[in-house]
**Student:** 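If you scroll down you'll find the structure; I have some questions about it.
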Amino acid sequence: MKKARIATLWLDGCSGCHMSLLDLDERLLELADRMELVYSPLVDAAEFPEDVDVTLVEGAIASDEDEKKITLARARTRLLIALGDCAVTGNVPAMRNNIPLGVLLGRSYIDLATANPGVPESEVPRLNPHVIPLHELVPVDIFVPGCPPSPALIDSLLSEVLAGRTPDIATVCHFGN
Amino acid sequence: MQTIRIDGVTRVEGHGRITIQLDDNGKVQDAHLHVLQFRGFEKFCEGRPFYEMPALTARICGICPISHSLASAKACDAIMTIRIPETAEMLRRIVHLAQIIQSHALSFFYLSSPDLLMGWDASPAERNIFGIAAKHPEVALDGIRLRKWGQEVIELLGGKRIHTSWIVPGGVAAPLTAEKRDEILRRIPEALAIARRTIGLFRNMMEKLSDEVAAFGNFPTMFMALGRKDGNLCLYGSRRRHEGWLRFADADGTIVADNIHPNDYQQYIGEGVDSGSFMKAPYYKPLGFPAGIYRVGPAARLNIARQCGTPLADAALHDFRMLYGVVSLSSFHNHYARLIETLYAIERMQQILEQPDILDTDVRAEARANESEGVGIVEAPRGTLIHHYKVDSDGMIAGVNLIVATAHNTLAMNRGLLQVADKYLSGHTANEGILNRMEGLIRSFDPCLSCATHASGRMALEIEVVDARGFVITRIVREDSSEPAELTVPHRE
Ligand code: SF4
């Protein structure tokens with residue numbers, strides 16, 4: 001049987017959703033028989049590949065780079081899953097939305113700096129004034145709330161998806177869990 | 001002048017880019033780690049009630065949320081001007097040790113073991129935990145089980161593996177039960193066996209890793225860690241015992257500044273800004289920026305500690321020092337130090353769990369905000385973590401400063417990159433294996449870039465050669481192929 005091509009993408013999140021995926025522990029190795037992780041922080045693939053079956057996305061969209069990554073991932077993925085509250089609602093990253101960017105950056109890089117104060121500009125991405133959840137930019141197929149979603153939930157999600165079914169998440173979880 | 005860009009450093013916790021500047025003869029001039037996201041916790045936490053901070057700041061990082069919650073809770077304890085109950089302090093220590101274990105296991109097994117066991121030049125497609133599972137299944141299983149056990153201890157105590165809300169200002173939210181204590185104790189022998197096996201495995205590999213020891217961040221700097229009065233390794237500190245104040249040692253191991261109360265950290269630590277990175281660059285203030293370079297983390301902690309304070313870890317540390325000296329200047333030794341600390345953490349957890357009053361139900365002190373400012377410091381897996389809050393008269397947050405473990409190493413990571421680049425790249429053709437060594441240098445620090453910018457990101461590898469005016473001459477993308485691609489970095493015409 002052909003292995004499902006799975007990707008995970010990390011946008012503006014805390015890595016907790018990826019850690020919750022890792023919390024599948026030995027189960028991950030079992031799942032590895034049926035799926036191949038083709039792109040993820042855990043593997044050394046360079047570019048988001050073509051022809052991906054399922055992409056799990058952690059985090060909200062906060063910069064021009066995030067926009068590029070999610071747009072490319074969406075175009076190359078059949079089933080796009082918003083994994084966790086940040087991807088689903090914006091959650092903690094969106095707490096900066098009512099503060100002007102200049103004030104936000106100024107606090108860290110000018111007020112709290114004792115040498116070389118100034119907002120970093122070279123090599124770094126351009127931040128968007130507002131952090132948004134995934135569905136505000138691209139169509140999302142499945143929403144999985146939780147901060148982070150529990151390993152058991154991710155396990156049942158992956159098992160369903162690998163069996164070719166679309167799980168009904170609403171019946172098994174709620175926000176903030 | 002050319003710039004090589006490694007865009008999206010892989011197998012590190014967060015989103016980073018490496019650039020290397022070459023002169024016209026292909027000699028390395030400079031190297032730099034850029035951290036690429038920013039989230040603004042230092043500003044948007046303002047206006048929240050102080051007691052929300054341990055749960056809110058946990059969301060800075062899903063790998064070490066416990067460290068953030070603990071540093072945060074300690075800052076809140078200081079604002080409440082209380083000493084938390086003895087048992088609460090012991091329980092906080094246990095959850096902290098559990099997190100050190102799971103985080104060190106993540107770093108060693110999931111992120112770094114592919115390079116160490118399969119080699120820097122192994123196929124990128126296999127250089128991951130699944131590749132390890134295929135080629136060295138016993139090692140992969142050890143890693144998975146050790147990390148899992150650390151996470152399970154956190155879950156047993158806090159009800160949830162990631163972002164528990166059990167750590168609260170004043171102590172912890174609920175006491176430990178006898179069943180849970182016994183469950184943790186029952187599993188300790190297995191964890192100890194894994195830790196000892198892994199130290200043996202790594203020690204046997206060290207002979208072949210002498211190049212890495214020599215070039216991966218091997219230079220004199222100062223070191224910083226929390227200190228205990230008896231000189232033993234200090235990970236949590238104790239307000240009750242007035243322990244866990246900051247300590248700086250120089251490259252010979254001589255203590256140059258000691259007993260720095262958390263409230264005074266700003267007299268010793270300044271924060272520089274690097275215009276090409278969202279990660280700030282702290283420095284030792286008396287020496288100025290950037291001369292005041294220092295390192296934190298596992299190897300720095302062991303350089304500063306007289307010993308660990310538990311039998312097996314002390315034996316392992318002794319063995320390590322016989323090989324490499326009392327002060328080890330190579331950042332590559334962070335791997336070894338991480339394994340010794342893991343052993344220590346398991347032994348120490350057992351000692352604490354066997355204390356008679358560990359099941360005491362008095363685990364939380366209540367108070368309002370009695371002080372307008374508080375600083376909390378712990379040794380996170382990656383080094384010293386500082387949370388500093390100001391509150392108004394209603395206990396609402398009025399100011400936040402965070403200095404995370406990884407940031408302290410900014411200057412040292414850049415210097416380490418320069419050292420690796422100079423050794424492997426000067427006059428050579430850049431290939432995939434060389435680039436992976438650059439990333440390997442970064443991995444030896446186990447940086448949490450997610451913490452570092454109070455932000456996070458994605459990984460991929462891309463190199464750009466850019467001319468002096470910033471125009472891209474060549475762009476090379478690491479292929480997800482079974483063969484490592486030969487990459488050539490052409491000189492500028
Ligand atoms: S949903 Fe929670 S765990 Fe997941 S990335 Fe966001 S803050 Fe972290």
**Student:** Using only atom types and a distance under 3.5 Å, with no angle test, would you say the side chain of A:T114 pairs donor to acceptor with the backbone of B:E271?
**Tutor:** yes
**Student:** Of the backbone (N, CA, C, O) and the side chain (C-beta and beyond), which part of A:L22 lies under 4.5 Å from a heavy atom of chain B, both, or neither?
**Tutor:**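 Contact with chain B is through both the backbone and side chain of A:L22.
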**Student:** Looking at every non-hydrogen atom in both residues, tell me the closest pair between B:F130 and A:L28 and how far apart they are.
**Tutor:**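 Answer, listing the atom of B:F130 first, then A:L28: CE2-O, 3.9 Å.
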**Student:** Please flag which part of A:L105 lies under 4.5 Å from any non-hydrogen atom of chain B: side chain, backbone, both or neither.
**Tutor:** both
**Student:** Please tell me if the side chains of A:D111 and B:E42 come closer than 4.5 Å, counting only heavy atoms from C-beta onward.
**Tutor:** no
**Student:** If you define the side chain from C-beta out and look only at heavy atoms, does anything of A:C86 sit under 4.5 Å from B:R59?
**Tutor:**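 Sidechains of B:R59 and A:C86: no contact.
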**Student:** On a heavy-atom basis, which atom in A:Y109 and which in B:V273 lie closest, and how many Å separate them?
**Tutor:**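 For A:Y109 and B:V273, the tightest heavy-atom pair comes out as O-CG2, 3.4 Å.
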**Student:** Heavy atoms, side chains only, cut-off 4.5 Å: are A:M95 and B:K43 in contact?
**Tutor:**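 No, side chains not in contact.
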**Student:** Side chain, backbone, both or neither: which part of A:L112 has a non-hydrogen atom closer than 4.5 Å to chain B?
**Tutor:**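 Contact with chain B involves both backbone and side-chain atoms of A:L112.
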**Student:** Less than 4.5 Å to any heavy atom of chain A: does that hold for the side chain of B:E46, its backbone, both, or neither?
**Tutor:** side chain
**Student:** Run the salt-bridge test on B:R161 and A:D25 with the 4.0 Å N-O cut-off and return the result as yes or no.
**Tutor:**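 Here B:R161 pairs with A:D25 in a salt bridge, since their nearest N and O are under 4.0 Å apart.
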**Student:** Please classify the contact of B:I269 with chain A as side chain, backbone, both or neither, using a heavy-atom distance under 4.5 Å.
**Tutor:**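 Looking at B:I269, nothing touches chain A.
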